[in-house]
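Structure first, commentary second.
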Amino acid sequence: MPAELQGPIALAALIVALLSLLLSLLLVVRLRRATRQGRLPASGVAHIDRLLGEEVRRLDAVSDALAQHASRLHLAEDGIRRSVQRVGVVRYNPFQDTGGNQSFALAMLDNEANGVVLSSLHSRQVTRLYLKQIVAGRSETALSEEEAEALRRAGSTAHERG
């Protein structure tokens with residue numbers, strides 16, 4: 001189990017245990033009060049056993065639900081780690097014959113600095129797209145200055161070749 005899940009799960013288990021303790025104390029107080037006032041029927045013990053059995057079943061259901069939520073949380077955290085979380089964009093003009101910054105380098109990385117750099121070179125005649133894979137903040141192929149800057153803007157400190 002990941003370390004970041006242990007704290008919230010332990011806290012939830014502690015809360016369930018404290019609620020169980022409070023419920024038990026409440027039942028003991030009510031039982032004593034009912035006994036002192038003579039309101040406890042002859043079948044009181046059987047009634048209490050039934051109530052305690054119901055509470056145990058409810059606590060088991062809460063425990064099962066907590067385990068299911070912890071499992072779902074783990075799956076969600078795993079999906080988040082692999083999703084695009086950091087983006088860097090650089091717009092530029094690589095050619096003198098075109099106006100504006102129509103070309104760009106776009107870096108898209110996950111939490112572990114894995115992802116891609118997408119580059120578009122726009123000229124009057126053609127627009128070309130290039131895609132370079134990034135693993136742990138590094139590219140196996142050489143990056144242009146703009147691609148390296150997009151990678152830096154996306155939060156990757158490593159941008160050298162492989």
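Residue indices begin at 1 and follow the sequence shown. Excluded from the calculations below are hydrogen atoms, water molecules and symmetry mates; all remaining heavy atoms, backbone and side chain alike, are included.
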Gap between atom [atom2] of [Y] and atom [atom1] of [X] - 0.5 Å precision:
{"X": "D78", "Y": "S83", "atom1": "CG", "atom2": "OG", "answer": "10.5 Å"}
{"X": "R86", "Y": "N114", "atom1": "CZ", "atom2": "CG", "answer": "9.0 Å"}
{"X": "E112", "Y": "Q85", "atom1": "CD", "atom2": "CD", "answer": "9.0 Å"}
{"X": "Q102", "Y": "N93", "atom1": "CD", "atom2": "CG", "answer": "8.5 Å"}

Please tell me whether [X] and [Y] are part of a single hydrophobic cluster in this structure, the criterion being side-chain heavy atoms less than 4.5 Å apart.
{"X": "F104", "Y": "V84", "result": "yes"}
{"X": "L106", "Y": "L131", "result": "yes"}
{"X": "V116", "Y": "V87", "result": "yes"}
{"X": "M108", "Y": "V89", "result": "yes"}

Can you list the steps and then say if Y92 with L121 is a side chain to side chain contact (heavy atoms under 4.5 Å, CB included)?
-> CA-CA 9 Å; Y92 62 100; L121 290 176; 3.2 Å; yes
Shortest non-hydrogen contact between [X] and [Y], atoms and distance:
{"X": "V117", "Y": "L151", "answer": "CG2-CD1, 4.2 Å"}
{"X": "I134", "Y": "S139", "answer": "CD1-CB, 3.7 Å"}
{"X": "V90", "Y": "E146", "answer": "CG2-O, 3.7 Å"}
{"X": "A154", "Y": "L109", "answer": "CB-CD1, 3.8 Å"}
{"X": "K132", "Y": "A142", "answer": "NZ-O, 2.7 Å"}
{"X": "A107", "Y": "A150", "answer": "CB-O, 3.5 Å"}

Among side-chain atoms of S103 and H122, is any donor-acceptor pair under 3.5 angstrom?
->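 Judged by distance alone, the side chains do not pair up.
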R91 (side chain) donor-acceptor with N101 (main chain) under 3.5 angstrom =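 Yes: the side chain of R91 pairs with the backbone of N101.
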So, do [X] and [Y] sit near enough that their side-chain heavy atoms are less than 4.5 Å apart?
{"X": "N111", "Y": "R82", "value": "no"}
{"X": "L52", "Y": "L27", "value": "yes"}
{"X": "D110", "Y": "R81", "value": "no"}
{"X": "E77", "Y": "L75", "value": "no"}
{"X": "E55", "Y": "L23", "value": "yes"}

Counting only pairs under 3.5 Å, give me each side-chain donor-acceptor contact of residues 59-72, with atom names and distances, residues two or more places apart or in other chains.
none

Answer yes or no: are there more than 12 heavy-atom neighbours, outside E54 itself, under 6.0 Å from its atom CD?
->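 Atom CD in E54 is crowded, with more than 12 foreign heavy atoms closer than 6.0 Å.
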